[in-house]
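Everything below concerns the one structure shown next.
In each ligand, atom 1 is the first atom listed, and ligand 1 is the first ligand listed.
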Amino acid sequence: MSSYDVIVIGAGPGGYVSAIRCAQLGMKVAVVEGRETLGGTCLNVGCIPSKALLHATHMLHEAEHNFAEMGLKGKAPSVDWKQMISYKEKTVGQNTGGIEFLFKKNKIDWLQGWGSIPEAGKVKVGDEVHDAKNIIIASGSEASVLPGIEVDEKTVVTSTGALTLPKVPKSLVVIGAGVIGLELGSVYARLGAEVTVIEYLDAITPGMDAEIARQFQKMLTKQGLKFTLGAAVQGVEVKNNKATVSYVVRKDESEHTITADTVLVATGRKPYTTGLGIDALGVALTERGQIKTDASYATNVPGIYAIGDTIEGPMLAHKAEDEGMAVAEVIAGQKPHVNYGVIPGVIYTHPEVSNVGETEETLKAAGRAYKVGKFPFLGNARAKANFAGDGFVKLLVDAQTDRILGAHIIGPMAGDLIHEICVAMEFGAAAEDIARTCHAHPTYSEAVREAALACGDGAIHV
Ligand code: NAI
């Protein structure tokens with residue numbers, strides 16, 4: 001048994017970042033993690049492996065579609081799926097190993113096993129009970145599977161199974177047109193699978209700016225993905241290694257089925273707190289089963305904090321990381337602040353899609369007067385050279401003050417371009433501030449500046 005200033009439960013982006021910040025602030029820290037490797041869902045079976053597969057299949061797409069035009073002749077590469085999976089696993093290994101290194105560097109103990117909290121101030125791992133002045137719950141989330149669907153991670157899979165399929169399926173049905181469904185749906189469409197996405201709502205990517213969502217759907221359709229919108233999936237039946245999905249089209253209540261080699265269930269995630277013992281401790285939850293915290297991430301039980309996917313807010317690795325740093329600073333007696341109005345969201349398809357802040361829909365609902373500044377990548381020289389002219393940058397600014405309220409990008413490197421706008425928003429900038437900042441030519445970033453110019457006297461290259 002050992003005594004710690006802080007024990008963090010869970011070594012995902014929320015937990016490991018929090019542990020490092022606690023150590024930097026002079027605390028004695030341990031992290032409880034039951035997986036064989038550190039990094040949680042994101043590094044092991046989420047963000048990182050999916051990005052490796054997205055990268056590899058995007059390269060394939062480029063070779064198939066754009067190489068010849070650039071004068072790069074020769075046969076398009078064929079897919080060695082086993083090698084692609086091993087590249088993905090190597091990438092994961094490099095990242096999870098990196099966290100182990102950071103733990104050693106920061107003198108953080110890894111308590112291997114699944115943790116529980118028998119009482120405030122104590123964490124049990126296996127047969128050992130450790131003392132902890134503070135406990136941070138960072139145990140993440142798990143796939144939320146619809147009733148009537150049994151996941152076997154072979155024929156009916158969550159994102160976890162979809163990252164380790166033994167072979168590329170000929171047909172794939174994706175349930176849910178959210179981030180996971182579209183990223184992994186894209187991977188398999190590029191590998192030649194016939195991909196059908198079934199979505200309950202009438203648009204893809206709920207919550208996204210509607211104009212971007214429409215454009216995004218058009219682009220994915222061009223890439224071969226099929227969409228059935230406004231359809232509620234009722235169940236999935238597996239027979240002879242094939243899965244049949246039954247769904248009801250909401251408009252006319254007609255019943256349909258579709259059969260595929262593989263079904264990916266991507267209908268959201270829910271907090272994972274199983275086995276922690278928080279019920280017995282009386283930790284308060286929200287109606288949606290998230291751990292309730294105050295602005296300092298404190299639960300109603302003194303000495304127990306919670307962050308990341310276990311609490312309210314978007315289930316994003318970077319949101320968890322920010323909360324991880326903030327809670328460490330709270331425990332150290334500082335006064336940190338996470339700006340929830342400036343948390344970017346990115347979908348790593350091709351093209352990428354990113355957003356921050358308000359959408360036109362949220363601004364209209366709030367009755368706010370706003371202006372839109374838009375710029376198409378077709379007017380951007382770099383994008384044209386790189387076959388990346390599809391898409392646009394859209395800035396939403398206050399009609400009176402020109403202050404940036406939100407931004408939406410669909411196009412090349414959208415996930416990186418958004419951060420210039422995030423920093424501007426963090427500083428309370430106006431579109432004019434971006435418009436008057438010199439941007440190097442030729443870069444994709446010029447499209448952001450042009451959208452800012454479009455909020456004023458006009459963009460130059462349209
Ligand atoms: P999601 O919440 O983004 O999308 C789920 C979709 O399933 C929704 O559009 C919903 O309307 C639909 N749906 C629900 N029930 C249905 C039914 N019966 N029939 C048809 N459609 C139905 O959830 P997703 O994609 O599973 O992602 C989970 C979490 O992981 C999200 O919070 C997401 O932000 C996060 N994530 C983030 C990534 C990123 O930042 N790039 C990558 C992967 C996941």
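Residue Leu201 has no nitrogen or oxygen atom sitting less than 3.5 Å from a nitrogen or oxygen atom of ligand 1, judged on distance alone. Checking only distances, Tyr200 does come within under 3.5 Å of ligand 1, N or O to N or O. Below 3.5 Å of separation, one finds no N or O of Leu146 facing any N or O of ligand 1. Not a single N or O atom of Leu316, backbone or side chain, sits closer than 3.5 Å to an N or O atom of ligand 1. Close N/O approach between Ala232 and ligand 1 is not found [any backbone or side-chain N/O within under 3.5 Å]. Considering backbone and side-chain atoms together, Glu183 places an N or O closer than 3.5 Å to an N or O of ligand 1.
Looking from atom 19 (N) of ligand 1 to the surrounding protein, the closest heavy atom is Val233 N, 3.0 Å. For atom 38 (C) of ligand 1, the closest non-hydrogen atom of the protein is Val179 CG1, 3.3 Å. For atom 9 (O) of ligand 1, the nearest protein heavy atom (residue, atom name, distance) is Glu199 OE1, 2.6 Å. Nearest protein heavy-atom contact of atom 25 (O) of ligand 1 is Ile180 N, 2.9 Å. Looking at atom 5 (C) of ligand 1, its nearest protein heavy atom turns out to be Ala266 O, 3.3 Å. Atom 1 (P) of ligand 1 has Gly178 CA, 4.1 Å as its closest protein atom, hydrogens excluded (heavy atom only). Protein heavy atom at the shortest distance from atom 7 (O) of ligand 1 is Gly176 CA, 3.2 Å. Regarding atom 2 (O) of ligand 1, its nearest protein heavy-atom neighbour is Gly268 CA, 4.0 Å.
Only side-chain heavy atoms of Tyr348 come within less than 4.0 Å of ligand 1; its backbone N, CA, C and O stay farther off.
Counting only distance, with no hydrogens or angles, the side chain of Glu446 and the backbone of Thr443 share a donor-acceptor pair below 3.5 Å. Between the side chain of Glu237 and the backbone N or O of Gly235, no donor-acceptor pair lies under 3.5 Å.
Using a cutoff of 4.0 Å between basic side-chain nitrogens and carboxylate oxygens, Asp390 and Lys222 are scored as salt-bridged. Taking a cutoff of 4.0 Å between a charged side-chain nitrogen and a carboxylate oxygen, Arg21 and Glu329 qualify as a salt bridge. At a threshold of 4.0 Å, the pair Glu312-Lys292 does not count as salt-bridged, since none of the basic side-chain nitrogens sits closer than that to a carboxylate oxygen. Between Lys226 and Glu194 there is a salt bridge, since a side-chain N of the basic residue sits under 4.0 Å from a carboxylate O of the acidic one. Using a cutoff of 4.0 Å between basic side-chain nitrogens and carboxylate oxygens, Arg449 and Glu420 are not scored as salt-bridged. Using a cutoff of 4.0 Å between basic side-chain nitrogens and carboxylate oxygens, Glu64 and Arg190 are not scored as salt-bridged.
Between atom 29 (C) of ligand 1 and the options Lys319, Met208, Arg269, the minimum heavy-atom separation is to Arg269. The heavy atom nearest to atom 41 (N) of ligand 1, out of those in Val353, Val346, Thr267, is found in Val346.
Ring geometry for Trp114 versus Tyr272: interplanar angle over 60°, hence perpendicular rather than tilted (30 to 60°). Ring pair His55/Tyr87 is tilted by interplanar angle, where 30° to 60° counts as tilted.
Side-chain contact, His256 with Ser254: a donor N or O sits under 3.5 Å from an acceptor N or O.
Close contacts between ligand 1 and Ile198 involve ligand atoms 20 (C), 21 (N) [criterion: under 4.0 Å to a heavy atom]. Close approach of ligand 1 to Pro206 (heavy-atom distance below 4.0 Å) involves ligand atoms 8 (C), 9 (O). Interface of Met315 with ligand 1, defined as ligand atoms under 4.0 Å from a residue heavy atom, comprises 32 (O), 34 (O), 35 (C). Near Ala231, with a cut-off below 4.0 Å to any heavy atom, the atoms of ligand 1 are 19 (N), 20 (C).
More than 12 heavy-atom neighbours from other residues, nucleotides or ligands sit within 6.0 angstrom of CD on Gln334.
Within the 4.0 Å heavy-atom cutoff, Pro314 does not count among the residues contacting ligand 1.
Closest non-hydrogen pair, Ala431 versus Val397, comes out as CB-CG1, 3.8 Å.
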